[in-house]
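This report concerns only the one structure given below.
What you see is a predicted model, and the numbers here were worked out from it, not measured in a lab. All values below were derived from every heavy atom in this structure, side-chain atoms included, with hydrogens, water molecules and symmetry-related copies excluded.
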Amino acid sequence: MSTADTRVASTILRTATGREATRWVVAHCREVPGLTLATVLTTVAGAALQVLPVILLGQVVDGVVEGGPRSILVTIGVLLVAAALLGAAAAAASTYLIGRLGADLIARLREGAVRAVLGLPSARIEQVGRGDVLSRVGDDVAVVSKGIRTAIPTVFSAGVLVVIATAGMFGLDWRLGLAGAAALPAYALALRWYLPRSAPLYQRQREAQADRAQALISGLNGIDTVRAYRLEGDFREKVSTESWRVRDLGVEVFRFFGRFVGRENRAEFIGLVMIIVMGYVLLEADLVTLGEASVAPLLFHRLFTPLGAIMFTFDEAQKSGASITRLVGVLSEAPGERLVGDVAVAPADAGAYPVTVAGLTFSYPESERPVLLDVDLVIPAGGSLALVGATGAGKTTLAALIAGIGTPQAGSVRIGSTDLAGLDEAEARALVSILTQETHVFSGPLADDLRLAAPAATDAELMDALRTVGADAWVTALPDGLETVVGEGGERLDGTKVAQIALARLVLGRAPVVVLDESTAEAGSQGAAELDRAVSAACQGRTTLFVAHRLTQAMTADRIAVLDAGRVVEQGTHQELVALGGRYARLWRAWREGS
């Protein structure tokens, strides 16, 4: 059994049903009724004008057989030229309108998927893995985009042409139409065989690609560990295994599609034979003219090209359909598709709020015992509290819960009078800002990076924030100031500068409560004092929780809480805890001796 088959549904993002995806597409089309109607009308007109020359050819045959005047050939020739020109214009208009409608759809789908992913709880992202997330907002969007540019317009216009040509055959003689329709059971059997088997197969292929992406990402993110423990061979083997699984599924898809094409060709053969035989019988019985008997197989043959186009793009259309269900599934993970921070829980500059933690108990699904057990803490409005303790004591988990990331099994976290359990994670971010060790500088102008926290901020406000955290001098010295490109491919920034950028975003965000989870630990001891001053300035007037990496930072907090095995074992000021001679005092002595 494959890896994808053994995963439970909760460990991957939801995939929508075909009906749900169809409803989403129909709802989008209803939002642009003018464009949708124009697309349908031009496509129908283009298909009708493509069938018209074949019907006119039957008039030529009957005219010759009946010895009609030569003028009929001139008339039909003019009509043929007009039909060709108008058909080309209608086809061009149809292609343009389908492309425009599709581009609008993919733009909305892409934006909605990105919004939904950004709005997902952090715990959900960690649960499903970054590979699944990135494959949906990356690979799946690319597949749908390609399908909308190529396969979807072809399938739609070819489908309309099939309907028009079939109606034309019935218009000649209902018996000729029925003879052509004799191929329908063979087509239906081929589709009935293909469709139920193809959708799961394409779904497995997309999931395999997500697993491959996850293997690559996890290995590359931990490349230093891979090299340190000489795990390159294991990493290559894992990536190779997932890549071969993607390759094997690709070959299986290709073979499967080839069998489908063979069944479709048999249906075409049955239909063409039946319509030729029926045409001969009717012609012998003098029930149709030679022109009508000649046009019927030509009309049926005219179906070969659109049916072939449908078949040979059906592979791409099925891939697009599978990707659309995955993207619409992402939208359903975050109802409302709300932008992160687009909430009205707390107004800007609302002032400091107290933080109250009461009876908090939390455990991870795979954990045998609680990570936090019956934790009680109070941080007064505008005050600060530092969490200290050994690795694994539960500091980061407690900080995350206070920031609204995750849901405790018991107890509560209140920001002012608001219980975070009643908010989603996006709403909690309006009340609490969290900074961790994993600070990221986005590629692009520094001003754009800072405006992630305050999109409407002016350059002057950006500089004020940088000045608050002591970063204005080096930013002014950059080649292009705020417009200097930073991040990947841009200006290289050391750990201290990266931390200052994160703190400047914190200043711009203006959340009343701040959680700092060892956010300045990666800067090293060289910039420690400078960053301690920056942190103090950024958090001024806000309720602040520190997860202290350096005990010198814990000293600056109003109070200190010591965690051990998920419990708060000591609380007090630095002086009180040192005088107590307990666990904190031992940590402090060890810190002083090691510094």
(message) Arg236: which residues meet the side chain to side chain contact (heavy atoms under 4.5 Å, CB included) condition with it, sequence neighbours left out?
(response) Glu232
(request) Would you please name every residue forming a salt bridge (charged side-chain N to carboxylate O under 4.0 Å, His left out) with Glu237, sequence neighbours left out? (result) none
(request) Tell me, yes or no, whether the heavy-atom count around Trp244 atom CH2, taken from other residues, nucleotides or ligands under 6.0 Å, exceeds 12. (result) no
(request) Quick one: list whatever passes side chain to side chain contact (heavy atoms under 4.5 Å, CB included) with Thr325, sequence neighbours left out. (result) Thr15, Ala21, Gln203
(request) Determine which pairs satisfy salt bridge (charged side-chain N to carboxylate O under 4.0 Å, His left out) with at least one residue from residues 85-104, sequence neighbours left out, and list them in order. (result) Asp104-Arg108
(message) Distance check, rounded to the nearest 0.5 Å: Leu176 atom CG versus Met278 atom CE?
(response) 7.5 Å
(message) Measuring only between side-chain heavy atoms, which start at C-beta, is Asp211 closer than 4.5 Å to Arg245?
(response) yes
(request) Scan for side chain to side chain donor-acceptor pair (under 3.5 Å) pairs involving residues 168-186, sequence neighbours excluded, and state none if there are none. (result) Asp173-Arg175
(request) List for me each residue that meets side chain to side chain contact (heavy atoms under 4.5 Å, CB included) alongside Val273, sequence neighbours excluded, and say none if there are none. (result) Phe269, Val277
(message) Does any part of the side chain of Met169, heavy atoms only, come nearer than 4.5 Å to the side chain of Ile275, both counted from C-beta?
(response) yes
(message) Rounded to the nearest 0.5 Å, what separates atom CD in Gln205 from atom OG in Ser323?
(response) 9.0 Å
(message) Holding to side chain to side chain contact (heavy atoms under 4.5 Å, CB included), I want the full list of residues that pass it with Ala186, two or more places apart in sequence or in another chain.
(response) Ala267, Ile270
Could you give the side-chain donor-acceptor pairs of residues 87-99 under 3.5 Å, partners two or more places apart or in another chain?
from  : atom 1 : to    : atom 2 : distance (Å)
Ser94 : OG     : Thr43 : OG1    : 2.7
Thr95 : OG1    : Ala91 : O      : 2.9

(message) The criterion is side-chain hydrogen bond (donor to acceptor under 3.5 Å, both in side chains); which residues satisfy it with Asp449, sequence neighbours excluded?
(response) Arg505
(message) Quick test of your reading of the model: are Arg204 and Glu207 salt-bridged, counting only N-O distances below 4.0 Å?
(response) no
(message) Atom OH of residue position Tyr280 - does it have more than 12 heavy atoms of other residues, nucleotides or ligands inside 6.0 Å?
(response) no
(request) Taking all non-hydrogen atoms of both residues into account, name the closest pair between Ala16 and Val328 and its distance. (result) CB-CG1, 3.8 Å
(request) Under the side-chain hydrogen bond (donor to acceptor under 3.5 Å, both in side chains) rule, collect the residues that match up with Glu483, sequence neighbours excluded. (result) none
(request) For Thr39, check side-chain hydrogen bond (donor to acceptor under 3.5 Å, both in side chains) against everything at least two apart and list the hits. (result) none
(message) Treating Gln409 as the side-chain partner and Ser363 as the backbone partner, does any N or O pair qualify as donor plus acceptor under 3.5 Å?
(response) yes
(message) Using side-chain heavy atoms (C-beta onward) and a distance below 4.5 Å, is Phe442 in contact with Asp448?
(response) no
(message) Using a 3.5 Å distance criterion without hydrogens, assess whether the side chain of Arg259 forms a donor-acceptor pair with backbone atoms of Arg255.
(response) no
(request) Flag the pair Ser443 / Val486 as yes when at least one side-chain heavy-atom distance between them is below 4.5 Å, and no otherwise. (result) no
(request) Report yes if the side chains of Leu105 and Trp24 come closer than 4.5 Å at any heavy-atom pair, otherwise no. (result) yes
(message) Under the side-chain contact (heavy atoms from CB on, under 4.5 Å) test against Cys29, which residue among Val40, Leu37, Thr36 passes?
(response) Thr36
(request) Check salt bridge (charged side-chain N to carboxylate O under 4.0 Å, His left out) between Arg212 and all other residues, then give those that pass, not counting sequence neighbours. (result) none
